[in-house]
Protein chains: 2
Amino acid sequence: MASHEETASPEASFTAAETAYRKLRSDIVAGIFEPGQPLRLEFLRQRYGLSFSPLREALNRLQTERLVLAAALRGFSVAPVSIEEMWDVTETRSLIECEALKRSIDRGDDDWEAGIVAAFHALDLQVRRLAPVGRELSVDELSALEIRHQEFHRALIAKCGSRRLINLSDQLHVETQRYRLPALAGKMPKGTRDVAFEHRQIMDAALARDADKAQDLLAAHYRRTAEMIEAQMSPRSG
Amino acid sequence: MASHEETASPEASFTAAETAYRKLRSDIVAGIFEPGQPLRLEFLRQRYGLSFSPLREALNRLQTERLVLAAALRGFSVAPVSIEEMWDVTETRSLIECEALKRSIDRGDDDWEAGIVAAFHALDLQVRRLAPVGRELSVDELSALEIRHQEFHRALIAKCGSRRLINLSDQLHVETQRYRLPALAGKMPKGTRDVAFEHRQIMDAALARDADKAQDLLAAHYRRTAEMIEAQMSPRSG
DNA sequence: AAACATCTTTCTTTCGAAAATCCTGCATGC
DNA sequence: GCATGCAGGATTTTCGAAAGAAAGATGTTT
């Protein structure tokens, strides 16, 4: 490569296209780019210090993941958000993960159980460390929390035996983050909901091999989150 | 564009990237490229008369659609096929489309019913025109038949109200075609299965608003296809 | 002969410029 | 006044070449 202005960031061993993909996805999910905003290539080139080709490759991938829209000779734009889409994401995610959870409960072995317990514990510690403080969470703290959160949900469905279900779950998770993160950045209505308790209930039902109960609890978990987000979205922008 | 060697094909109004995407996808699904085969860019450039950029964009899209594999600095290859993957596709498709069918049955209006009847009729005509002949179907005939077939299945779930479910259904359909088309090219065990009757049963249950029955029939429909493919795959290459 | 380093070749990836297209504002004609 | 057509600029898309990395070949040492 011609230029090598290493800004000392610990991500050297990626291709430019992969870097573009990650940064773009991260910036879209974090809401740094507004929904609907056009993603001009010159702008992105300057922002990320990359050339057109890797940017376009990343945008094409993100297009099929529903994070960006592509119009034939009119370039790309951030996929819009709406309450309808938010419900579609969460309901689809519920469908996928409930099925995956059921299958995991059927097939899960000792490692699966251990993975769930470990992930729950790690998430629980993180919550206790950050939540009771009551202050606004920094971006890094929120990010660390969200990683633990996802790892717990991933542990639940780890033994479903279907690459596609796990993959879809991951993709739908990314999409939900577009709605969750802005909602969490705003003031969370404290006390109205004990997320940690919901997690524990789901874990208990899974370990007790009660598939029906676990699925119901998981679906309710996602539904409550969606309702919270809807409440925050409704008064404000459509 | 510099070169303009229009080969008189009726597809002028696409970008090169879109053309690359369609042709690549079509060639992979039709089995013209072997599963696992490396997709060298120079080879593709010559084959399609396109440059690297649009090809890479297409390959990146196909990567997220599970039709091609991408290795970091080692290029692309056709995604491999296996009996396990085949079952994963059909089971995931069953999950998605059964849910979409149920919702369509709940919400479907007159247009929805009319669409199903029309699509069934068109498919039925096509089958009657081609099937009783008993001879090998040409590529074009098979392709026309498959389009009708998909349109029928799409009509069933048209009113599910979820963009994501319809989209997933389409993508999973493309994946299943990778297994169905080679199986259909080989000698189909005639008489062991009346696909047209299965379709009629599904349609009847849907129009009768019997969601449970329709879902069971649809799932069985896909399961039988998978079993037929498995029987054809097993004796031969893994 | 095996292990290792180095060179060569092959292929991917990235770049920057050229070409094609779209959009905007303005003038022209009805 | 309103539609229509036409420059000019902005933006996307495509191209071909250059740079970079992996795989393979060659030769050297133990």
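Naming convention: chains lettered A, B, ... in sequence-line order (proteins, then strands); numbering from 1 in each chain.
A centroid separation of 6.0 Å or more is found between the aromatic rings of A:His199 and A:Phe120. Between B:His121 and B:Phe152, the gap from one ring centroid to the other reaches at least 6.0 Å.
Using a 4.0 Å cut-off between a side-chain N of Lys or Arg and a carboxylate O of Asp or Glu, A:Glu85 and B:Arg164 qualify as a salt bridge.
Here the C1' atom of nucleotide D:dA17 and the CG atom of B:Leu41 are 15 Å apart, to the nearest Å. The nearest whole Å value for the distance from the CG atom in A:Leu44 to the C1' atom in C:dG16 is 17 Å. Straight-line distance from the CG atom of A:Leu39 to the P atom of D:dA10: 20 Å, rounded to whole Å. One interatomic measurement links the two molecules: CZ of B:Phe14 to C1' of D:dT12, which rounds to 18 Å at whole-angstrom precision. As rounded to whole Å, 14 Å separates atom C1' of C:dT12 from atom CZ of B:Arg45. Summarising the geometry, the separation between CG on A:Leu50 and P on C:dG16 is reported as 11 Å, rounded to the nearest angstrom. Rounded to an integer number of Å, the gap from CD of A:Glu18 to P of C:dT12 is 18 Å. Here C:dT9 presents its P atom at 18 Å from CD of B:Glu42, a figure rounded to the nearest Å.
The stretch residues 65-77 of chain B touches DNA chain D through B:Leu73, B:Arg74, each having a heavy atom within less than 4.0 Å of the strand. Residues of residues 51-60 of chain B that place a heavy atom closer than 4.0 Å to DNA chain D, in numerical order, are B:Ser51, B:Phe52, B:Ser53, B:Pro54.
Taking the side chain to side chain donor-acceptor pair (under 3.5 Å) definition, one finds that B:Glu113 meets it with B:Arg209, sequence neighbours left out. Checked against side chain to side chain contact (heavy atoms under 4.5 Å, CB included), A:Ala158 has the following partners two or more places apart in sequence or in another chain: A:Trp112. Applying the side chain to side chain donor-acceptor pair (under 3.5 Å) test to B:Gln177 and every residue at least two apart in sequence or in another chain returns B:Glu146, B:Arg180.
A side-chain N or O of B:Tyr21 and one of B:Glu65 form a donor-acceptor pair less than 3.5 Å apart.
Residues B:Leu172 and B:Val89 approach most closely at O-CG1, 3.8 Å, considering heavy atoms.
Comparing C:dT12, D:dT12, C:dT14 by their nearest atom to the side chain of A:Arg40 picks out D:dT12.
Sorted by first and then second residue, the pairs that involve residues 29-44 of chain A and meet side chain to side chain donor-acceptor pair (under 3.5 Å), not counting sequence neighbours, are A:Glu42-A:Arg45, A:Glu42-A:Gln46.
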